[in-house]
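Contents: one structure, followed by commentary.
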Amino acid sequence: MKSFYITTAIDYVNGSPHLGHAYEKVLTDTIARFRRQMGDRVHFLTGVDEHGQKVQASAKKKGIAPQQFCDEVSAEFRALLPKLTITNDDFIRTTEERHQTVVRAVLQQLFDKGEIYQAEYKGFYSTRQEQFLQEKDRLPDGTWPELFGEVTEIVESNYFFKLKQYQEWLVEFLTTNETFIFPAYRQKQVLEFLKEPLNDLCISRPRERLEWGIPLPFDAGYVTYVWFDALLNYYSAVADRPEIWAEAHHVIGKDILVPPHAVYWPIMLKAAGISLPKGIIAHGWWMTRGAKMSKSTGNALNPLDLVTEFGADAFRYFLIREMNVGQDSDFTREQFLVRYNSELANNLGNLVNRTLNMTTRFAGGVVPAAEVEEDLEKSLRDLWTKTRDEFLPLCEGYQFHTALERAMVFLTETNAYIEKRAPWKLGKSTEAKDAALLRTSLATMAEALRLAVAIIQHVTPTTTEKINAVLGYTPGAVWRDELNWGGKLTGAKVAGALVLFPRPAPPEKPAAPAKLA
RNA sequence: GCCAGAGUAGCUCAGUGGUAGAGCAGAGGACUCAUAAGCCUUUGGUCGACGGUUCAAUCCCGUCCUCUGGCACCA
């Protein structure tokens, strides 16, 4: 059995979970579930980044210890996972000993090999903001903005990682591994970026300025600065299981692709003699009318409320159906409702209900065997074969939105098949031939439904489970064997009516506008 | 500024060297198993602008306009 290791980026605990976090979890979970179904032995890691200046400052502001602050916020992130039916196998926190041990070991090893050196940095420092400033921070007249307070030029000693000397190697690597980064145009951007010379990477902060971090193993006067701490989580979580690490894939937001994941990370691993991940998937952002969604921009809509209102599956379905992985998409309640109503409620939900009703009414609630195959049955069956054959490669290429669209086409055609067969008319006939057609039509619609929900299972796991339950069906252990058209439901006792995706109450009509004076 | 990508029906997008398609939304109809759902039919577009190549361009080339993304080292 092939291993497949997949990670999300770790979330920084200086803030609460929002749609971006939720999307990344759902996307990664969709991939993880799909790979499991395909027979891989999946290991799925997510977690939180708990060190750094901002966490230290936030804790101080609340008057609590940094660890306590991390415990509280991490719990929030952790609580998000079951709400979204995320099937992670592990959850890592960068404050955990298992992580710190690996970070120290890697740093020590690189230090011993001469990959890390100490040097001085001279720059303009803001004591109020506790950070060095850049030339671009200056106002046009050369002074510093008020928020930085007093700015002085100081010299500070730090440790640096020899990033620059691996630049050529990285270019060579990316040139020969064209599918390392998905989507492909992101990989081109990285190569563009690498046309400019790299500088070495500062990896430390003096203890006086930053306490809350992993002390450098070779100099207790410093702590590890962000990247050598955060990025290593992917490795530290499975450091003792090389067969898992060998199949690593990282799902990240496009904002942390260049330079951290596409440049620092491969070079860090190369220098440490650790094998590289198999791939990096950089997804886009959810926008609201063209603006990035985040709390700071004050978008009032909280998309996570939709999980409470419509359930995790509907939310997951929308995210995966609407977003072309890598690109940005708009998120609006209106758009969500369009997908929910037309695809989940009307197309799928209603098909479930009418199938259950007709089976109950015309066959005593037991799915009959198909007895004949005429053109109508054959073309639906052919469409299924085509749908399935296209679906799997689409998912393997992360084209989940298109894959779901194909599933919808199949459901639409199943609804059309029912209209053409019109079992309610066959039920009134006394002809033996019509009775056979009736049984065939009931068997056909049930089988089509079973197949359709099997194929979208990685996106809507709970819905698939519920529909299998009302169909009186227990799927076999091997998912791919479930995708063959056959009489698997023959004899199954179905449940009565079930409304899976109730139509939401129509929005309140806004009161007639007051007459303008 | 430089480098990518995109501009196609109201909306979201697909597509091809021979004068354009889907889904949703809109309109009409027949039906009734069903969540006022489903099915059938149907109204919408000088395919960003201007040139060029070609018998022929939305699709190839050039220029321009607009939009999006990337352009590090933030110690």
Side-chain angles (χ1 to χ4, degrees), chain A residues 53 119-126 129-137 154-160 163-164 183-186 188-206 209-210 222 225-226 254-255 257-260 262-264 282 284-285 287 290 321-322 324 326-330 332 334-335 337-339 341-362 401-402 405 408-409 411-427 438 441-442 445 497-504 506:
Chain A
Q53 189 96 54
E120 288 187 336
Y121 175 81
K122 191 165 80 168
F124 291 94
Y125 187 75
S126 155
Q129 292 297 318
E130 298 183 325
Q131 61 168 280
F132 277 87
L133 305 179
Q134 300 301 302
E135 281 306 314
K136 69 179 181 188
D137 292 325
I154 64 168
V155 173
E156 184 174 290
S157 177
N158 263 309
Y159 286 90
F160 291 80
L163 196 71
K164 195 192 307 190
Y185 71 89
R186 292 277 172 209
K188 283 189 200 156
Q189 281 183 355
V190 175
L191 284 167
E192 276 302 314
F193 172 82
L194 288 170
K195 284 181 179 167
E196 297 296 317
L198 291 170
N199 285 335
D200 287 343
L201 178 68
C202 182
I203 62 161
S204 67
R205 288 292 182 276
R209 289 213 291 120
L210 178 63
Y222 294 86
Y225 179 65
V226 59
K254 65 181 185 178
D255 51 322
L257 178 66
V258 183
V263 179
Y264 302 161
W285 286 338
M287 320 285 276
R321 172 74 175 90
E322 193 71 13
N324 181 347
Q327 312 208 301
D328 296 343
S329 280
D330 265 319
T332 62
E334 291 68 33
Q335 192 68 6
L337 286 175
V338 165
R339 293 285 183 206
N341 283 326
S342 71
E343 299 186 2
L344 291 178
N346 297 349
N347 205 7
L348 173 59
N350 186 53
L351 174 62
V352 171
N353 224 19
R354 64 199 307 214
T355 300
L356 297 179
N357 269 290
M358 283 188 271
T359 306
T360 301
R361 183 184 296 210
F362 301 118
H401 66 302
T402 309
E405 191 253 339
M408 275 302 133
V409 168
L411 285 170
T412 296
E413 287 307 310
T414 302
N415 273 313
Y417 164 81
I418 294 172
E419 295 297 326
K420 285 170 198 150
R421 263 303 170 230
W424 50 92
K425 282 182 188 162
L426 296 170
L438 171 62
S441 68
L442 293 172
M445 71 178 82
L498 170 73
V499 174
L500 276 172
F501 299 102
R503 287 181 72 88

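Here is how names work: the chains are called A, B, and so on, in the same order as the sequence lines, proteins then strands, and each is numbered from 1.
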(message) Going by the rule ring-ring contact (aromatic ring centres under 6.0 Å, His included), which residues pair with A/Phe362 if we only count those two or more places apart in sequence or in a different chain?
(response) none

(message) Measure CZ/A/Arg421 against P/B/U32 and give the value in whole Å, please.
(response) 17 Å

(request) Using the P atoms only, state how far B/A4 lies from B/C64, rounded to an integer number of Å. (result) 14 Å

(request) Can you tell me, in whole Å, how much space there is between the C1' of B/G26 and that of B/G69? (result) 35 Å

(request) Report the distance from atom CD of A/Glu405 to atom P of B/C24, rounded to the nearest whole Å. (result) 10 Å

(request) Please list, chain by chain and in numerical order, all residues satisfying side-chain contact (heavy atoms from CB on, under 4.5 Å) with A/Arg503, sequence neighbours excluded. (result) A/Asn341, A/Ala345, A/Asn346

(message) Under a 3.5 Å cutoff, is there a donor and acceptor pairing between the side chains of A/Asn347 and A/Ser342?
(response) no

(request) Calculate the interatomic distance between A/Phe193 atom CZ and B/G69 atom P; express it in whole Å. (result) 18 Å

(request) Name all residues meeting the salt bridge (charged side-chain N to carboxylate O under 4.0 Å, His left out) criterion together with A/Asp200; count only those two or more places apart in sequence or in a different chain, and write none if there are none. (result) none

(request) Classify the nucleic acid contact of A/Lys195 as base, sugar-phosphate or nothing, counting any heavy atom under 4.0 Å across all strands shown. (result) nothing

(request) Check the pair A/Glu343 / A/Arg321 against salt bridge (Lys or Arg N to Asp or Glu O under 4.0 Å), numbers first and verdict last. (result) CA-CA 10 Å; A/Glu343 299 186 2; A/Arg321 172 74 175 90; 3.0 Å; yes

(message) Just the rounded figure in Å: distance from C1' of B/C71 to CG of A/Asp255.
(response) 16 Å

(message) In this structure, how many angstroms lie between the C1' atom of B/C71 and the CG atom of A/Leu191, rounded?
(response) 14 Å

(request) Could you check whether A/Glu196 gets within reach of a base, just the sugar-phosphate, or nothing at all, counting any heavy atom under 4.0 Å? (result) nothing

(request) With sequence neighbours excluded, tell me which residues meet side-chain contact (heavy atoms from CB on, under 4.5 Å) with A/Glu322. (result) A/Trp286, A/Phe318, A/Gln335, A/Arg339

(request) Determine the interatomic distance between C1' on B/G44 and the same-named atom on B/G1; round to the nearest Å. (result) 42 Å

(request) Identify, with sequence neighbours excluded, every residue that meets ring-ring contact (aromatic ring centres under 6.0 Å, His included) alongside A/Phe193. (result) none

(message) What's the gap between B/U35 and B/A22 when it is taken at their C1' atoms, as a whole Å value?
(response) 25 Å

(message) Over all strands shown, is A/Tyr125 touching base, sugar-phosphate only, or nothing at heavy-atom distances under 4.0 angstrom?
(response) nothing

(message) Which residues pass the side chain to side chain donor-acceptor pair (under 3.5 Å) test with A/Asn353, not counting sequence neighbours?
(response) none

(message) Please enumerate all residues that pass ring-ring contact (aromatic ring centres under 6.0 Å, His included) together with A/Tyr159, with sequence neighbours excluded.
(response) A/Phe218, A/Tyr222

(message) When the P atoms of B/C11 and B/C33 are compared, how many Å lie between them, rounded to an integer?
(response) 40 Å

(request) Using both pair distances under 3.5 Å as the test, note the stems of at least 3 consecutive Watson-Crick or G-U pairs that include RNA chain B. (result) B:1-7 with B:65-71, B:10-13 with B:21-24, B:26-29 with B:39-42, B:48-52 with B:60-64

(request) Whole angstrom is fine here: how far is it from OH in A/Tyr185 over to C1' in B/C71? (result) 15 Å

(request) Quick one: classify the glycosidic conformation of B/G44 as syn or anti, with syn meaning within 90° of 0. (result) syn

(request) Run the salt-bridge test on A/Glu192 and A/Arg186 with the 4.0 Å N-O cut-off and return the result as yes or no. (result) no

(request) Starting at the 5' end of nucleotides 33-41 of chain B, put B wherever the base has a protein heavy atom under 4.0 Å, S where only the sugar-phosphate does, and a dash everywhere else. (result) BBB-BBS--

(message) Applying a 4.0 Å non-hydrogen cut-off, can you work out what A/Pro206 is touching in the nucleic acid: base, sugar-phosphate, or nothing?
(response) nothing

(request) Take atom C1' in B/C50 and the same atom in B/A57, then report the distance between them in whole Å. (result) 15 Å

(message) What I want to find out is whether A/Lys122 reaches A/Glu156 closely enough, with some N-O distance under 4.0 Å, to be called a salt bridge.
(response) no

(request) For B/U63 versus B/C24, give the span between their P atoms, rounded off to a whole number of Å. (result) 41 Å

(request) Determine the contact category for A/Pro423: base if any of its heavy atoms lies under 4.0 Å from a base atom, sugar-phosphate if only primed atoms, P, OP1 or OP2 are that close, otherwise nothing. (result) nothing

(request) Check side-chain contact (heavy atoms from CB on, under 4.5 Å) between A/Lys420 and all other residues, then give those that pass, not counting sequence neighbours. (result) A/Leu376, A/Ala416

(request) Could you pull out all residues at least two apart from A/Tyr125 that satisfy ring-ring contact (aromatic ring centres under 6.0 Å, His included)? (result) A/Phe132

Dump the pairs, protein N or O against N or O of nucleotides 6-14 of chain B, anything under 3.5 Å, distances to one decimal.
none

(message) Say we look at B/G7 and B/C47: how far apart would their P atoms be, to the nearest angstrom?
(response) 14 Å

